[in-house]
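Structure, as structure tokens:
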Amino acid sequence: MASLFSFRRLFTSPSTPMALPTTRLFSTTTAALARTPPKPPAKKPNAGKTVPRRKQGQNRSENYIRIKTLKQNMFSPAPPPLRMARLRYLRHWTIHRAWQLFRRQQHLAIEQERSRMYKGMYNACEELRKTVGPGNRDEGYLYRVAMEKKGIWGTEAIPIEYARFQTEYPAAKAWNHEWKR
């Protein structure tokens with residue numbers, strides 16, 4: 001049997017000419033989807049007019065090179081589709097799907113942890129709202145005091161340098177005693 005992809009076909013001369021395959025060798029991309037090289041734009045005839053060149057020493061902005069690179073790459077053609085053998089494509093697909101599954105599990109775990117923390121804060125606030133305050137204070141006094149934002153903004157507030165997200169581990173230097181406003 002001399003199939004299109006067999007080794008026997010490489011070392012023997014074909015008795016009948018075969019038609020070209022619809023897919024290219026060692027590729028899962030069809031020839032119609034393969035990238036064709038871009039055609040150079042046709043030059044317009046310059047009707048005897050000369051365009052003055054820029055002065056060599058003209059000042060350019062500090063972002064000139066970055067903007068030039070962005071303009072060059074913004075309109076470049078899309079890269080060709082990945083071309084790989086069937087087994088390599090299968091390995092690529094398997095690894096990609098495994099990575100997606102791992103990321104989804106991570107996102108779900110983070111979402112569940114945040115939901116658990118939110119529910120805990122909500123339940124604590126509800127408990128404060130239902131509790132009668134100290135002395136002759138009415139119900140909800142503790143909740144209102146807890147939700148006040150005194151001492152957060154302004155010159156009498158805690159310095160922003162000490163506002164820090166809660167982490168699983170303490171800071172290397174917990175408090176800077178030499179700090180001055």
Side-chain angles (χ1 to χ4, degrees), residues 3-7 9-10 18-118 121 149 151-155 157-181:
S3 71
L4 184 61
F5 297 107
S6 69
F7 287 116
R9 186 178 182 285
L10 292 174
M18 299 180 79
L20 290 175
T22 56
T23 53
R24 295 169 299 127
L25 291 176
F26 304 114
S27 173
T28 56
T29 307
T30 60
L33 294 176
R35 180 179 178 207
T36 57
K39 297 175 184 171
K43 292 189 176 183
K44 296 178 183 176
N46 196 0
K49 297 178 183 176
T50 58
V51 179
R53 291 182 54 166
R54 287 181 69 145
K55 294 179 183 175
Q56 293 291 338
Q58 188 173 5
N59 293 337
R60 295 181 174 154
S61 71
E62 60 188 34
N63 297 326
Y64 173 76
I65 294 174
R66 191 169 15 157
I67 292 170
K68 180 181 171 186
T69 307
L70 283 173
K71 283 181 179 178
Q72 284 175 348
N73 294 328
M74 196 182 314
F75 303 108
S76 63
L82 288 177
R83 294 181 289 190
M84 52 184 98
R86 285 180 179 84
L87 287 177
R88 185 164 183 224
Y89 177 78
L90 183 62
R91 282 195 304 267
H92 170 78
W93 181 84
T94 305
I95 292 168
H96 175 73
R97 293 301 301 157
W99 177 248
Q100 293 294 337
L101 180 63
F102 173 73
R103 291 296 306 267
R104 185 183 323 143
Q105 289 170 350
Q106 274 189 328
H107 284 295
L108 285 174
I110 291 170
E111 183 182 347
Q112 288 174 347
E113 179 65 15
R114 288 179 180 163
S115 176
R116 184 191 65 78
M117 290 172 20
Y118 176 80
M121 289 187 291
K149 304 294 188 252
I152 294 192
W153 294 288
T155 57
I158 298 171
I160 193 66
E161 288 81 3
Y162 293 123
R164 184 173 178 271
F165 287 108
Q166 289 188 5
T167 58
E168 294 184 16
Y169 302 101
K173 186 175 180 183
W175 193 265
N176 183 4
H177 293 281
E178 288 78 36
W179 188 87
K180 301 278 191 252
R181 188 181 292 266

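- The structure places CD of Gln72 at 12.5 Å from CD1 of Ile67, a figure rounded to the nearest 0.5 Å.
- Taken from NZ in Lys68 to CG in Asn63, the straight-line distance is 14.5 Å, to the nearest 0.5 Å.
- The OG1 atom of Thr94 lies 16.0 Å from the CH2 atom of Trp99; values are rounded to the nearest 0.5 Å.
- Using a distance-only test at 3.5 Å, with no hydrogens or angles considered, a donor-acceptor pair links the side chain of Thr69 to the main chain of Ile65.
- Heavy-atom contacts from other residues, nucleotides or ligands closer than 6.0 Å to CD of Gln100 number more than 12.
- Using cut-offs of 30° and 60° on the angle between ring planes, the pair His96 and His92 is parallel.
- Considering only residues two or more places apart in sequence or on other chains, Glu113 meets the salt bridge (Lys or Arg N to Asp or Glu O under 4.0 Å) condition with Arg116.
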